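Working notes for the structure below.
Throughout, protein chains are lettered first and strands after them, A, B, ... in sequence-line order, and every chain is numbered starting at 1. As the structure is a prediction and not an experimental result, all values here were calculated from the model.
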2 protein chains.
Amino acid sequence: MDIRQLRYFTAIAEEKQITRAAKRLHIAQPPLSQQLKSLEDELGILLFERKARSLELTEAGEVLYQKAKHLLEKVEEAVLEVKEVGDGLKGVLSIGSVKTCFSYIPERLLYFRENYPLVTFRLKEGDSSLLADYVRSREVELAIVRLPLDMEDFSCLPLPTDQFVAVLPESWSVPSALQTKQLSDMPLMLLHRTNGVGLYELVVNKLKEHQLEPNIICDCPDAAMLLSLVRSGLGVALLPKSTLPSFSMQGLKMVPLEDCLIESESAVIWLKDRYLSKKAQRFIETFQSIELAADGR
Amino acid sequence: MDIRQLRYFTAIAEEKQITRAAKRLHIAQPPLSQQLKSLEDELGILLFERKARSLELTEAGEVLYQKAKHLLEKVEEAVLEVKEVGDGLKGVLSIGSVKTCFSYIPERLLYFRENYPLVTFRLKEGDSSLLADYVRSREVELAIVRLPLDMEDFSCLPLPTDQFVAVLPESWSVPSALQTKQLSDMPLMLLHRTNGVGLYELVVNKLKEHQLEPNIICDCPDAAMLLSLVRSGLGVALLPKSTLPSFSMQGLKMVPLEDCLIESESAVIWLKDRYLSKKAQRFIETFQSIELAADGR
DNA sequence: GTAATCCATACAAAAAACGTATGAGTAGAA
DNA sequence: TTCTACTCATACGTTTTTTGTATGGATTAC
């Protein structure tokens, strides 16, 4: 039995005539007679009672007609849904993001969902090297991470570079801007990945390049913890500016670095030369178009 | 899209390998590759992610797999059910029966249902000519009727001939047997069809053949009414013997006709040279085998 | 009785599916 | 690394299936 045969059969059942059904199906009449016969032979039963002028369904034929109609509907439905999923119009998209980049997410998710309302999201977070592993193991399809990162396995879409700012306790007497060299006098606190090379090393190296010996009193993988420590007056945190919108700044003061030497780069990454779902592709396109729009401003 | 292609696809999805799936399907590997490709082309989407050693379903592939599995089950189910109905093992069988033959029914229905427990019944009643019309218009597939009847449109299975008996009020002084000629003295009551020629004419003609002028004081299409009239002492009813088991004989007395001149014939009838459902055919076979068994006694 | 319809069959052409042979790419072992 | 083993994809010829054309038989409408 065949889907085509079922279509033929239902056409005959509805037209009650092979000739008319053949016209409707845009085929000649004899093949349709034959297909009906072969279906009847295969089932070993008579589906139509051949009356003089028209064909009438037998009881078994009626049963098959009801089933076939239902089945054909289901088939159509399945094809449509599979196509939607395949075209990235529907499905679940797993994304990872480091917390310090999370401020990029909401706006873009909102925009994406306007265009693809059937796509839902599953978010994971972690530091960049963990997220890179998630991408490699397919736990997420793409991730928003801070560079540097070993990019051998990944394709990427760079996000706008991001200046580092200093975050000081509000209680401190705070200048409106800082020179980088002033930092060496202050107790610094930096983000540090649980493993791998990242921002921490970037900052330390940058400062050393300028013959500055930083006074790092704490490193921590979590920005919220870090900011709490600042709030308590322990020291000064150095963070990419884009990190801050996600956190409460109560009791804190952000101060830009006047001679900004340190910049942070972020990027959307995904597995290079491997299957990437359509919805992930569309998500990346969305990201891209938003960057372009932002550039245009 | 094709049922075969869905079968192929699910096999690949389950085996995660085209080679293994091809073995399972008893075909060579290349055609299976082709069929998969043609399915993917038709849908316009990738169903499997070609990994080095095995194929993994994409999200769209996973959706199709779930749908396909379900669809294939439904197809199997539909085929089985259609076959059952077509083989007469399942369905609704519409039967008509005149009340005076109803005593034939219960035993045979019981026996039939032992062999075909999924077949259910829809019973209609009426006089023989009405039932003949029901058969012609397909309101019932077969009917149990009293002859005579215009048999041009029908095939039939004759049932055992049936002697007429007289039914008298119990209160009357009743002989243990009657001569037919004694009937002419008595007030007779006969069944009479609402239209058409039937038992009534049969009886009247038979009596006239023997130079007996019957004294018919009532005719009535319904046996129950007729027997009520007898019970009240109005007269004597002449009925086929097989009619009586369906009715209460309280206040009545059945008396055989000694020189039984009048016989009634019944038959199962159905449309000649037209489609007859398998279940009806089986019902007729059952009837036949019961008659044979009864003859053998 | 004739024309018009409709279904079924016969046969040829076109399309689809299949099998064999073969090549390219990758994983695991030597 | 090289070699082997294994998998998938492609090319091409063969077989099977499906379709179209031509035609005959049966039935209805005029």
Side-chain angles (χ1 to χ4, degrees), chain A residues 1-58 61 136-138 152-153 271-275, chain B residues 1-58 61 65 68 72 136 138 152-153 271-275:
Chain A
M1 193 160 65
D2 195 350
I3 291 180
R4 182 176 36 84
Q5 281 179 313
L6 289 183
R7 282 190 216 288
Y8 287 1
F9 167 74
T10 54
I12 299 174
E14 282 161 12
E15 299 292 343
K16 296 183 186 298
Q17 253 195 217
I18 293 182
T19 308
R20 254 204 310 272
K23 276 178 194 157
R24 177 169 130 188
L25 295 167
H26 303 295
I27 62 171
Q29 168 263 317
L32 192 54
S33 288
Q34 286 173 358
Q35 288 299 321
L36 174 60
K37 189 171 152 51
S38 87
L39 181 60
E40 287 182 327
D41 288 349
E42 183 187 335
L43 293 173
I45 58 172
L46 213 59
L47 294 171
F48 290 95
E49 182 185 349
R50 270 73 170 174
K51 297 181 108 167
R53 216 54 178 175
S54 74
L55 304 186
E56 291 289 334
L57 286 168
T58 62
R136 268 186 276 261
S137 67
R138 297 296 183 98
E152 193 181 348
D153 299 334
L271 275 180
K272 187 159 61 182
D273 301 327
R274 298 283 290 282
Y275 170 75
Chain B
M1 194 160 65
D2 194 350
I3 289 180
R4 182 175 35 83
Q5 282 179 313
L6 288 183
R7 283 191 215 288
Y8 286 2
F9 167 73
T10 55
I12 299 174
E14 281 162 12
E15 298 292 342
K16 295 182 188 299
Q17 253 195 218
I18 294 183
T19 309
R20 252 202 313 269
K23 275 177 193 158
R24 178 169 126 187
L25 295 165
H26 303 294
I27 62 171
Q29 167 263 316
L32 192 54
S33 289
Q34 287 173 359
Q35 288 299 320
L36 175 58
K37 188 171 154 50
S38 86
L39 180 61
E40 287 182 327
D41 288 350
E42 183 187 336
L43 293 173
I45 59 171
L46 213 61
L47 294 170
F48 289 97
E49 183 185 348
R50 271 70 171 175
K51 297 181 109 166
R53 217 56 180 173
S54 76
L55 303 187
E56 290 290 333
L57 286 168
T58 62
Y65 175 63
L72 290 174
R136 268 186 276 262
R138 297 298 182 98
E152 191 179 347
D153 300 334
L271 275 180
K272 187 159 60 183
D273 302 327
R274 297 283 291 280
Y275 169 75

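One finds a side-chain N or O of B:Arg50 lying less than 4.0 angstrom from the OP1 or OP2 phosphate oxygen of D:dA9. Within the 4.0 Å cut-off from OP1 or OP2 of D:dC8, at least one side-chain nitrogen or oxygen of B:Thr19 is found. For D:dA9, the OP1/OP2 oxygens have a side-chain nitrogen or oxygen of B:Ser33 closer than 4.0 Å.
In this entry the distance linking CG of A:Asp41 with P of C:dA8 reads 12 Å, nearest Å. Here D:dT17 presents its P atom at 18 Å from CD1 of A:Ile27, a figure rounded to the nearest Å. For B:Leu47 and D:dA9, the CG to P distance is 12 Å, given to the nearest whole Å. The interatomic distance linking B:Gln34 (CD) with D:dG13 (P) rounds to 14 Å, in whole Å. Rounded to an integer number of Å, the gap from A:Ile18 CD1 to C:dC7 P is 5 Å. Per the geometry, CD belonging to B:Gln5 stands 14 Å off C1' belonging to C:dC18, to the nearest Å.
A centroid separation of 6.0 Å or more is found between the aromatic rings of B:Tyr65 and B:Phe48.
With respect to A:Glu15 and A:Lys23, no salt bridge is recorded, no charged nitrogen being found less than 4.0 Å from a carboxylate O.
Considering only heavy atoms from C-beta on, A:Gln35 stays 4.5 Å or farther from A:Asp2 through its side chain.
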